[in-house]
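Report on the following structure.
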2 protein chains.
Amino acid sequence: MSEGVEWALHTCVNLAWVGRPVGSARLAAFYGLPPAYLNKRLQNLVRAGILTSVPGPKGGFTLARDPASISLLDVVTAIEGPDPAFRCTGILGDSPWGDKTADHPSSCVIAVAMRRAELAWRRELAGQTIADVCATVERRAPGEPERTRRWFG
Amino acid sequence: MSEGVEWALHTCVNLAWVGRPVGSARLAAFYGLPPAYLNKRLQNLVRAGILTSVPGPKGGFTLARDPASISLLDVVTAIEGPDPAFRCTGILGDSPWGDKTADHPSSCVIAVAMRRAELAWRRELAGQTIADVCATVERRAPGEPERTRRWFG
DNA sequence: GGTAGCGTACTCGGATAGAAGTTGTCCGAGTGCGACAGG
DNA sequence: CCTGTCGCACTCGGACAACTTCTATCCGAGTACGCTACC
C-alpha cells in the first residue's frame, strides 16, 4: 500500500484540529515530509471531495465536510484508487474448457473468497472516521488539538 | 496485490485434484501462463512449506500437506510476503513534539485502526482453505476434479 | 537372458533483463494582500 | 486622509525525472528413465 495513505490520514487529523486552510508546505513541515509530493497526494483527496483547496495567499487545504462523515476508507480509496487489491483476471476462461464469456469475477470461487475478505477489510475501515481518530487521540492526550492548532497558527 | 497470487491459488486447487507431481510447464499451459514465471512463484510456495518439489523426469510440484490445512492466507502470505499492506513508518516521531523512541506501530491510533482492518482481512482469508474451495467448486461442477485430473494425466 | 554402466531428456532453482507503478521534483496559472499614487 | 490601481508574493495544479517493485526470461545443477554393452 502506498506510503501516501499514512501521510494523508495524519494530515486529515491535523486539518480537523486546525479548522482553517493550511498550505501543503506547512502540513509537510510538521512531519518533515517532501512538500510537493504531499501536495500531489492531497490533490487526490480534493478530487475525492474530502478536502477543498483554496489558492493564493492565506490559501491551502481544508476538510470539505465534517470529520465524522469522513471514513478511513474514504481516504484510503482516494489515494489508492477504487480498484480492489485482488483483481480477478479471469484465467479460468483460458483453461481448456474455460468460458471466456462468463463473468469470472462473480462466479470464480477464489475471486469470491478474496472479495469477501476485502469486503471485511473495507467494512472495518468504513466504520472508523477521522472524528473517531481525533476523539481517541484527544482522550489519550487532551492537549493535543490545541497544541497542534497553535503550531499551525 | 501481485497477480501471482491468483495463479498460485488456482494452481493449488488443481494440484489438490491431481494428487501427484506436475511440472510447472504443464501447470502453466493449463491457463496459458508464462511457465518460467509461474515456476518462480511456486518456489515461494515451496519455501513456505505449502508445496514440495521433485526434480527430474516424473517430477514437479505437489501439495506438501492436506488441502484442508492450507488456508488462502497461507498462499497469499507466501507470495506477497509477511509484511502488512499498511506499514506505519512512525511519522508521529518526526512531528515537532514527537517521540522517536516510542513504539508508534503499537501506539499510533491510525496504525492501530489500519491493523485492525487488516486483521479482519486476514481472518477471512484464514477461514477458507484450499479444500473448502475444492468442495465448493465440486458441488457446483461435479465433474471438474476428474476432468482436471485427466487433462493433467 | 540378465545386469551394470552410461547417455539423454526432463525437472527445479537461482541469476539476469524489461515493464510498470510509486516516489520525488519542478515550474506555470491563478489569487489575495500590501504598497503606492492620486484625488 | 481616503480610495482606486498596480505589483508582488504565495498558493494550488499538473507536467517531468529517479527509483523500487513486479513481471518475464534464460541458463545451470540435479535426477530418473531408457538404451547399450558386457557377463
Side-chain angles (χ1 to χ4, degrees), chain A residues 1-8 11 15 18 20-29 31-64 76-87 89 91 152, chain B residues 1-8 11 15 18 20-29 31-64 76-87 89 91 152:
Chain A
M1 180 175 302
S2 223
E3 193 173 350
V5 172
E6 185 183 12
W7 305 358
T11 298
L15 284 177
V18 174
R20 56 194 172 71
V22 182
S24 61
R26 192 139 190 82
L27 287 168
Y31 293 120
L33 304 174
Y37 187 48
L38 178 64
N39 188 351
K40 197 171 172 49
R41 292 290 137 153
L42 296 184
Q43 286 177 27
N44 290 126
L45 300 185
V46 171
R47 290 196 201 98
I50 296 172
L51 300 184
T52 52
S53 64
V54 181
K58 294 284 182 179
F61 294 92
T62 320
L63 292 184
V76 171
T77 301
I79 300 291
E80 291 285 296
D83 296 333
F86 179 88
R87 182 172 51 93
T89 61
I91 63 174
F152 281 107
Chain B
M1 180 175 302
S2 224
E3 192 173 350
V5 171
E6 185 183 12
W7 305 357
T11 299
L15 283 176
V18 174
R20 55 193 173 71
V22 183
S24 62
R26 193 141 189 80
L27 287 167
Y31 294 119
L33 304 174
Y37 187 49
L38 179 64
N39 188 353
K40 197 168 173 50
R41 294 288 135 152
L42 297 183
Q43 288 178 25
N44 290 126
L45 301 185
V46 171
R47 290 196 201 98
I50 296 171
L51 300 184
T52 52
S53 63
V54 180
K58 294 285 181 178
F61 294 92
T62 321
L63 292 184
V76 171
T77 302
I79 301 291
E80 291 285 297
D83 295 335
F86 179 87
R87 183 172 51 94
T89 62
I91 62 174
F152 281 106

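By convention in this document, chain letters (A, B, ...) are assigned in the order of the sequence lines, proteins followed by strands, and residues within each chain are numbered from 1.
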Give a yes/no answer on whether the side chain of [X] brings an N or O atom under 4.0 Å of OP1 or OP2 in [N].
| X | N | answer |
| --- | --- | --- |
| Arg26(B) | dC12(C) | no |
| Ser24(A) | dT11(D) | no |
| Gln43(A) | dC12(D) | no |

- Residues of residues 56-63 of chain B with any non-hydrogen atom less than 4.0 angstrom from an atom of DNA chain D: list those, numerically ordered, please.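 When residues 56-63 of chain B is checked for heavy atoms under 4.0 Å from DNA chain D, the hits, listed by number, are Gly56(B), Pro57(B).
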- Rounded to the nearest 0.5 Å, how far does OH of Tyr31(A) lie from OG1 of Thr11(A)?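 It comes to 6.5 Å.
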Just how far, in rounded Å, is [atom2] of [N] from [atom1] of [X]?
| X | N | atom1 | atom2 | answer |
| --- | --- | --- | --- | --- |
| Leu45(B) | dC12(C) | CG | P | 13 Å |
| Leu27(A) | dT11(D) | CG | P | 11 Å |
| Leu42(A) | dG13(D) | CG | P | 9 Å |
| Asn39(A) | dG28(C) | CG | P | 17 Å |
| Asn44(B) | dG13(C) | CG | C1' | 12 Å |

- Item | Under 4.0 Å protein heavy-atom contact, by nucleotide of nucleotides 15-27 of chain C - B base, S sugar-phosphate only | B------SBBBB-
At their closest point, which heavy atom of [X] faces which heavy atom of [Y], and how far apart are they?
| X | Y | value |
| --- | --- | --- |
| Gly49(A) | Ala64(A) | O-CB, 3.4 Å |
| Pro21(B) | Gly60(B) | CB-N, 4.0 Å |
| Phe86(B) | Met1(A) | CD1-SD, 4.0 Å |
| Glu6(B) | Thr89(A) | OE1-OG1, 2.7 Å |

- Donor + acceptor pair across side chains of Arg41(A), Ser24(A) (<3.5 Å):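 Short answer, no.
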- Show your working on side-chain contact (heavy atoms from CB on, under 4.5 Å) between Thr52(A) and Phe61(A) and close with a plain yes or no. CA-CA 6 Å; Thr52(A) 52; Phe61(A) 294 92; over 6 Å; no
- Answer whether the closest heavy-atom distance between the side chains of Phe152(B) and Leu27(B) falls below 4.5 Å.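 They are in contact (side-chain heavy atoms under 4.5 Å apart), so the answer is yes.
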- Item | Exceeds 12 heavy-atom contacts within 6.0 angstrom, atom CZ of Arg26(B) |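 Check passes, neighbour count above 12.
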